Amino acid sequence: MSHQPFLRLYEEYADDLLSYGRGLGYDKEDIEDTLQDVIVNLYQHDPELTGVRNPKVYLFTALKNRLLNTRRRQPMDSLDADGAERFDVSVSVSDVIEDEEQRRRLKLKVEQGLALLTPRQREAVYLRYIQELDYDDIARLLQMTKPSVRNLVSRGIIEMRQHLTNKEFLLLFLMI
């Protein structure tokens with residue numbers, strides 16, 4: 001029974017999971033502790049990884065569920081005014097754009113566009129385009145149907161499209 005597959009899982013997905021946990025509103029230390037708990041729990045219950053079809057989706061789901069369970073035991077400071085779970089994402093503008101001022105403006109516009117989305121739309125767009133999960137996996141993670149996820153992502157993209165110029169929108173999708 002080797003620890004190597006679990007170390008590889010951690011090394012491969014830790015940064016993405018940390019980013020996702022931050023988007024859900026948790027601090028780095030809590031996410032790291034929870035991720036370690038998830039990996040240890042997986043090792044204890046399935047040391048051969050026979051029950052894990054898609055490790056990335058499993059880890060995203062397990063991390064989110066464990067973080068939400070922890071949050072339920074604490075005061076609810078992570079909800080929006082309408083009672084919806086918050087999902088915040090920070091945009092990283094790649095070196096596709098040479099000019100620093102243009103990069104800064106695009107980053108600001110994209111963040112403003114993302115801010116127009118509901119937390120659920122932001123989360124779905126993030127999972128689809130940043131984490132590159134397929135619609136089936138996003139549906140499982142968000143506990144929605146696949147058509148609902150497609151609709152959620154589509155509405156989010158339409159909303160962002162209305163906020164960005166053609167050039168900004170094209171650059172955005174070249175980056176992700």
Side-chain angles (χ1 to χ4, degrees), residues 6-42 52 54-97 103-135 137-144 149 152-153 155-157 159-160 163-164 168 171-176:
F6 294 90
L7 291 173
R8 278 195 301 272
L9 274 179
Y10 184 85
E11 289 169 357
E12 184 172 351
Y13 298 116
D15 290 340
D16 290 341
L17 291 161
L18 180 61
S19 176
Y20 184 58
R22 299 283 292 167
L24 292 169
Y26 294 90
D27 63 41
K28 182 179 178 182
E29 293 77 26
D30 289 341
I31 300 162
E32 288 172 341
D33 290 345
T34 303
L35 178 55
Q36 288 174 8
D37 290 345
V38 166
I39 296 285
V40 167
N41 187 50
L42 178 58
V52 178
N54 184 331
K56 183 174 185 176
V57 174
Y58 175 88
L59 291 172
F60 269 74
T61 303
L63 179 71
K64 181 178 182 177
N65 288 340
R66 186 150 314 197
L67 287 170
L68 290 176
N69 285 339
T70 302
R71 179 177 286 157
R72 286 185 187 108
R73 289 183 237 127
Q74 298 172 351
M76 299 300 258
D77 64 344
S78 62
L79 299 179
D80 283 345
D82 63 1
E85 282 289 328
R86 191 173 61 217
F87 188 82
D88 300 316
V89 64
S90 177
V91 177
S92 175
V93 181
S94 72
D95 292 329
V96 171
I97 303 171
R103 194 177 329 175
R104 187 193 61 72
R105 280 195 313 268
L106 178 61
K107 180 180 189 241
L108 180 62
K109 286 287 255 181
V110 170
E111 287 176 346
Q112 289 170 343
L114 285 167
L116 296 172
L117 306 182
T118 67
R120 197 77 154 167
Q121 285 174 325
R122 267 192 306 277
E123 186 174 6
V125 167
Y126 171 82
L127 291 169
R128 178 70 182 122
Y129 293 105
I130 304 300
Q131 292 303 325
E132 299 177 342
L133 297 182
D134 64 32
Y135 288 106
D137 292 334
I138 298 169
R140 276 192 295 280
L141 181 58
L142 299 183
Q143 300 177 342
M144 299 173 69
V149 170
L152 191 65
V153 170
R155 283 182 294 160
I157 297 302
E159 184 70 34
M160 286 188 65
H163 181 73
L164 301 171
E168 292 166 341
L171 285 171
L172 168 66
F173 278 91
L174 285 175
M175 292 186 309
I176 58 176

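What you see is a predicted model, and the numbers here were worked out from it, not measured in a lab. Hydrogens, waters and symmetry mates play no part in the numbers below; they use all other heavy atoms, side chains included.
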**Asked** Just by modelled atom types, is the Arg66 backbone N or O under 3.5 Å from a matching donor or acceptor in the Thr70 side chain?
**Response** yes
**Prompt:** Can you tell me how far the CD atom of Glu159 sits from the OG1 atom of Thr118, to the nearest 0.5 Å?
**Reply:** 9.5 Å
**Shortest non-hydrogen contact between Lys56 and Gln131, atoms and distance** = NZ-O, 2.6 Å
**Fill in**
d(Tyr135 OH, Leu152 CG) to nearest 0.5 Å is 10.0 Å
**Request:** Calculate, to the nearest 0.5 Å, the distance between atoms CG and CG belonging to Asp16 and Leu59 respectively.
**Result:** 10.5 Å
**Asked** Can you tell me if CG on Asp27 sees more than 12 non-hydrogen neighbours from other groups inside 6.0 Å?
**Response** yes
**Item:** Closest heavy-atom pair and its distance - Leu9, Ile39
**Value:** CB-CD1, 4.5 Å
**Item:** Residue pair Asp134 / Arg128: nearest heavy atoms and the distance that separates them
**Value:** CA-NH1, 4.0 Å
**Prompt:** How about Asp137 and Asn54: do any of their side-chain heavy atoms sit closer than 4.5 Å?
**Reply:** yes
**Message:** Using 0.5 Å steps for rounding, measure from the CZ atom of Arg8 to the CD atom of Glu11.
**Reply:** 9.0 Å
**Prompt:** Please walk me through it: do Leu116 and Met160 pass side chain to side chain contact (heavy atoms under 4.5 Å, CB included)?
**Reply:** CA-CA 7 Å; Leu116 296 172; Met160 286 188 65; over 6 Å; no
**Complete:** Those residues at least two apart in sequence (or on a different chain) that pass ring pair (Phe, Tyr, Trp, His ring centres under 6.0 Å) with Phe60 are Tyr20
**Request:** Start with the C-alpha gap between Glu123 and Leu24, add the side-chain angles, then the distance that decides, and say whether side chain to side chain contact (heavy atoms under 4.5 Å, CB included) holds.
**Result:** CA-CA 9 Å; Glu123 186 174 6; Leu24 292 169; 4.0 Å; yes
**Request:** Report the distance from atom OH of Tyr58 to atom CZ of Arg140, rounding to the nearest 0.5 Å.
**Result:** 14.0 Å
**Fill in**
Taking every heavy atom of Val149 against every heavy atom of Ala139, the minimum-distance pair comes out as CG2-CA, 3.5 Å
**Message:** On a heavy-atom basis, which atom in Leu67 and which in Gly21 lie closest, and how many Å separate them?
**Reply:** CD1-CA, 4.2 Å
**Request:** Evaluate the side-chain proximity of Tyr26 to Leu68: yes if any heavy-atom separation is below 4.5 Å, no if none is.
**Result:** yes
**Request:** In sequence, state the C-alpha distance, the side-chain angles, and the governing distance for Leu127 and Leu142, and then conclude on side chain to side chain contact (heavy atoms under 4.5 Å, CB included).
**Result:** CA-CA 10 Å; Leu127 291 169; Leu142 299 183; 4.1 Å; yes
**Message:** To check you understand the geometry: which heavy-atom pair defines the closest contact between Leu63 and Leu17, and what is its length?
**Reply:** CD2-O, 3.5 Å
**Item:** With sequence neighbours excluded, residues passing side-chain hydrogen bond (donor to acceptor under 3.5 Å, both in side chains) with Asp37
**Value:** none
**Item:** Chi angles and distances behind the side chain to side chain contact (heavy atoms under 4.5 Å, CB included) call for Val57, Leu133
**Value:** CA-CA 8 Å; Val57 174; Leu133 297 182; 4.0 Å; yes
**Prompt:** Rounded to the nearest 0.5 Å, what separation is found between the CG atom of Asn41 and the OG1 atom of Thr34?
**Reply:** 12.0 Å
